[in-house]
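Indexing begins at 1, ligand by ligand and atom by atom, following the structure's order.
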Amino acid sequence: MSGNEARLQAIYQITNREPMELLSPEQLSDLWACDVFNLAKMEESLAKSAFKELKKTMHTGSPLDAVTADMVAAAMKAWAMSKGVKFFSHIFYPMTNATAEKHDAFIITNSDGGAISTFTGSLLIKGEPDGSSFPNGSLRTTNAARGYTAWDPTSPAYIMQTANGSTLMIPSVFMAWTGESLDKKIPLLRSNSAMNDAAQKVLGLMGETDISTLNSSCGAEQEYFLVDLNFANARPDLLLTGRTLFGAAPAKGQQFDDHYFGAIPERVQVFMQDFEDQLYRLGIPAKTHHNEVAPGQFEIAPYFEAANVAADHQQLMMTIMKTTAKRHGFMCLLHEKPFAGLNGSGKHVNWSVGNSTQGNLLDPGETPHDNLNFLLFCGAVIRGVHLYGPLLRAVIASAANDHRLGANEAPPAILSVYLGDQLEAVFDDIKQGKLTGSTSGGEMDLGLSQILKFSRDPGDRNRTSPFAFTGNRFEFRAVGSSQSVSGPLVAMNTMLADSLNWIAEQLQAELTSGTSQAEAVIKVLKTLMEAHGNVVFGGDGYSSEWHTMAVEERGLQNIPTTADALPAFKDDYIIKLFKDTGVLSEVELASRFEVYAEQYLLSIEVEAKLVVDMATTLIYPAAIGYLAEIATTTISLKEMGLDVDISIASAVTASSNGMMKAVSILSKALAKHDFDTVEAHMNFCAGTLCGLMLDVRTFADELEGLVADSLWPLPKYQEMLFIR
Ligand code: ADP
Ligand code: MG
């Protein structure tokens with residue numbers, strides 16, 4: 001193939017494709033959770049006593065006995081086999097953002113050469129994948145390979161249907177033979193339990209007597225891009241790294257916001273329905289979908305669920321998005337910044353904590369100033385973000401998210417808290433040692449009799465805050481679109497646990513010395529706000545004034561890259577936080593640093609190699625080919641006595657030479673391997689390699705604007721974003 005043939009073929013394929021048919025809409029009641037072994041199905045198929053035991057385990061974390069486990073396994077197998085399933089798999093979440101599976105058949109052969117199906121409690125409870133072949137951050141050496149997966153009864157088993165058959169999936173934790181966590185689920189479960197322990201203490205001191213187990217909740221809004229597969233297949237960068245390493249800005253991008261506010265394209269609607277039907281089958285409560293700001297960008301948000309289940313569902317959702325998109329001829333890009341100059345994709349993690357007896361502790365009610373429990377929990381979050389901002393930054397750090405954070409359309413890389421006018425006023429009062437009342441949003445009255453009046457929210461929204469209070473929850477907006485929500489949830493639960501423990505101690509001291517409850521709360525919160533109130537910010541988080549003010553006046557940290565962020569995992573006070581709360585031991589935390597750092601180095605290295613490769617083998621030949629064409633043509637024209645403008649040839653020559661020089665510098669830099677520490681290597685990637693890649697890109701993008709369209713090999717931005 002030569003010239004722009006790959007592009008033309010892609011466009012031909014796309015414009016001539018048969019549209020996928022809209023699936024015949026099934027009743028939601030038939031679809032909903034039909035592939036999930038949920039509570040209702042357990043109740044149907046288990047003896048009453050076994051069901052009661054299992055439910056207790058699910059709600060309070062109490063251990064399950066072997067007999068009940070056997071009964072659950074038998075019921076699960078019977079249900080799955082009745083739906084034609086022959087295989088089961090423990091599904092688990094290694095320290096990368098991946099989802100892993102180890103499949104086994106129900107079948108075993110007996111001595112007569114016959115086959116029977118079996119699935120016992122012990123098979124349900126424990127699996128044994130290789131503990132060293134997944135990233136383990138030096139927790140396991142290659143010769144010490146044993147790892148276990150263990151069933152997590154708090155997240156329901158389900159059947160995964162694929163073109164190659166269906167499998168019973170059993171959500172599991174993953175640990176080394178030595179007992180250390182090798183996954184993202186164990187710390188999440190531990191962080192929930194640490195948060196619960198601390199919250200029980202505070203609520204107990206507040207005079208609550210009936211306090212059920214507290215859990216955290218998560219509702220994650222997922223942004224993504226869809227690009228036609230024909231284009232994606234012609235872009236090595238999209239295939240290998242999930243983002244475009246080259247590409248000149250199109251004349252029209254997202255300036256008009258016409259995509260955001262327009263109707264969802266028909267082809268995408270068909271994809272969304274197919275995708276959401278599969279989510280419904282798996283009991284994933286997909287609720288909202290809409291276009292996002294950039295052309296080709298969309299969002300889906302499921303309704304919130306218990307954090308552990310939401311995290312499993314999020315992983316499952318990302319898998320299903322990608323496979324379904326493929327079936328519809330799309331590549332689903334979950335990368336945080338697939339296209340330079342356009343909005344990136346995030347995953348806003350909405351988070352709250354509560355239980356069945358006290359309800360949502362982050363719900364202020366109509367009059368927050370007399371909701372003391374709320375004020376304590378909200379104050380605890382403020383303290384947490386202030387003290388552990390660098391940790392929150394570290395858990396969302398990745399090479400991909402670095403392109404987004406701090407860029408103009410995304411939350412800054414400075415962690416601050418937005419409270420909204422009403423709460424900011426209440427906490428300002430608290431700083432003065434008083435609680436005078438709270439303003440209300442009042443009624444929205446347009447003075448038009450035909451428009452019904454409605455009550456207005458007490459606070460506006462702030463899109464520029466990385467950590468915003470949104471009515472009855474906090475929204476961590478800086479999380480990246482491809483990331484697991486577990487890391488952020490672990491950090492939030494753990495910092496909250498720490499703050500609640502601190503509050504419990506202070507309250508206890510005040511109450512013991514005879515201070516009344518309300519006064520004790522104000523006193524403790526006053527101290528808290530004096531120390532941590534600096535993190536509250538209601539203004540424009542994108543502005544340069546804030547960047548200066550945050551660092552110089554407020555003492556907050558601006559942590560621009562992953563290389564700057566990850567070392568937080570090695571800070572003594574972070575090690576202490578995780579140790580004291582029992583969420584991660586020191587070695588477990590150290591292994592996370594290693595795994596995340598390695599991921600970062602690998603991503604940058606792959607990108608840099610590909611930049612060299614694409615510039616050399618695709619872009620340079622296109623430029624030289626164009627020069628050759630100009631040369632032949634102008635010689636012929638000269639012979640005819642015509643004198644044409646060849647200034648473009650000089651421009652192409654200059655950009656090509658510039659690009660190849662930049663390629664050579666980048667290649668040399670890539671060969672450097674003698675780093676004393678991982679930190680030094682990461683700094684080299686962030687400080688040198690990323691800049692050198694950008695140098696190559698700048699010349700290449702210039703060439704895209706010079707070289708004849710008929711010779712340009714890579715699908716252009718306007719094609720990928722606007723043709724579907
Ligand atoms: P918006 O775009 O207005 O931020 P969306 O409806 O797109 O809101 O998404 C909000 C997300 O927050 C949804 O997943 C929703 O279920 C979730 N959510 C709502 N209330 C809570 C809560 N109390 N705790 C956690 N998540 C919540
Ligand atoms: Mg939203």
**Message:** Please report whether ligand 1 has a polar contact with S352, defined as an N or O pair separated by less than 3.5 Å (distance criterion only).
**Reply:** yes

**Asked** What atoms of ligand 1 come within less than 4.0 Å of a heavy atom belonging to E299?
**Response** 7 (O)

**Request:** For ligand 1, find out whether one of its N or O atoms is nearer than 3.5 Å to an N or O atom of F304.
**Result:** yes

**Asked** Salt-bridged, D402 to K337, with N to O below 4.0 Å?
**Response** no

**Prompt:** Should the ring pair F92 and F174 be called parallel, tilted or perpendicular, given that the plane angle runs from 0 to 90° and is split at 30 and 60?
**Reply:** tilted

**Message:** Within ligand 1, which atoms have a heavy atom of Y303 less than 4.0 Å away?
**Reply:** 16 (O)

**Message:** Check the orientation of F467 and F476. Use parallel for under 30°, tilted for 30 to 60°, and perpendicular for over 60°.
**Reply:** tilted

**Request:** Enumerate the atoms of ligand 1 whose separation from the nearest heavy atom of N472 is less than 4.0 angstrom.
**Result:** 20 (N), 23 (N)

**Side chains of N343 and Q297, donor plus acceptor under 3.5 Å** = no

**Prompt:** Any N or O on E221 sitting closer than 3.5 Å to an N or O of ligand 1?
**Reply:** yes

**Prompt:** Any idea which atoms of ligand 1 are less than 4.0 Å away from a heavy-atom of N360?
**Reply:** 23 (N)

**Request:** Over 60° means perpendicular and under 30° means parallel, so classify the ring planes of W351 and F474, tilted if in between.
**Result:** tilted

**Message:** Quick check on contacts: which atoms of ligand 1 are under 4.0 angstrom from a heavy atom of P302?
**Reply:** 13 (C), 14 (O), 16 (O)

**Asked** Does the distance from a Lys or Arg side-chain N to an Asp or Glu carboxylate O, for D274 and R281, drop under 4.0 Å?
**Response** no

**Per-residue contact class, D363 against ligand 1 - non-hydrogen pairs under 4.0 Å** = neither

**Message:** Taking the six-membered ring of F330 as reference, does the cationic atom of R267 (NZ for Lys, CZ for Arg) lie under 6.0 Å from its centre and within 45° of its axis?
**Reply:** yes

**Asked** Can K287 be said to touch ligand 1, with heavy atoms closer than 4.0 Å?
**Response** no

**Message:** I want to check something: taking the side chain as every heavy atom from C-beta on, are I396 and P488 in contact at a cut-off of under 4.5 Å?
**Reply:** yes

**Request:** Consider every N or O of S217 and every N or O of ligand 1, then say whether any pair is closer than 3.5 Å.
**Result:** no

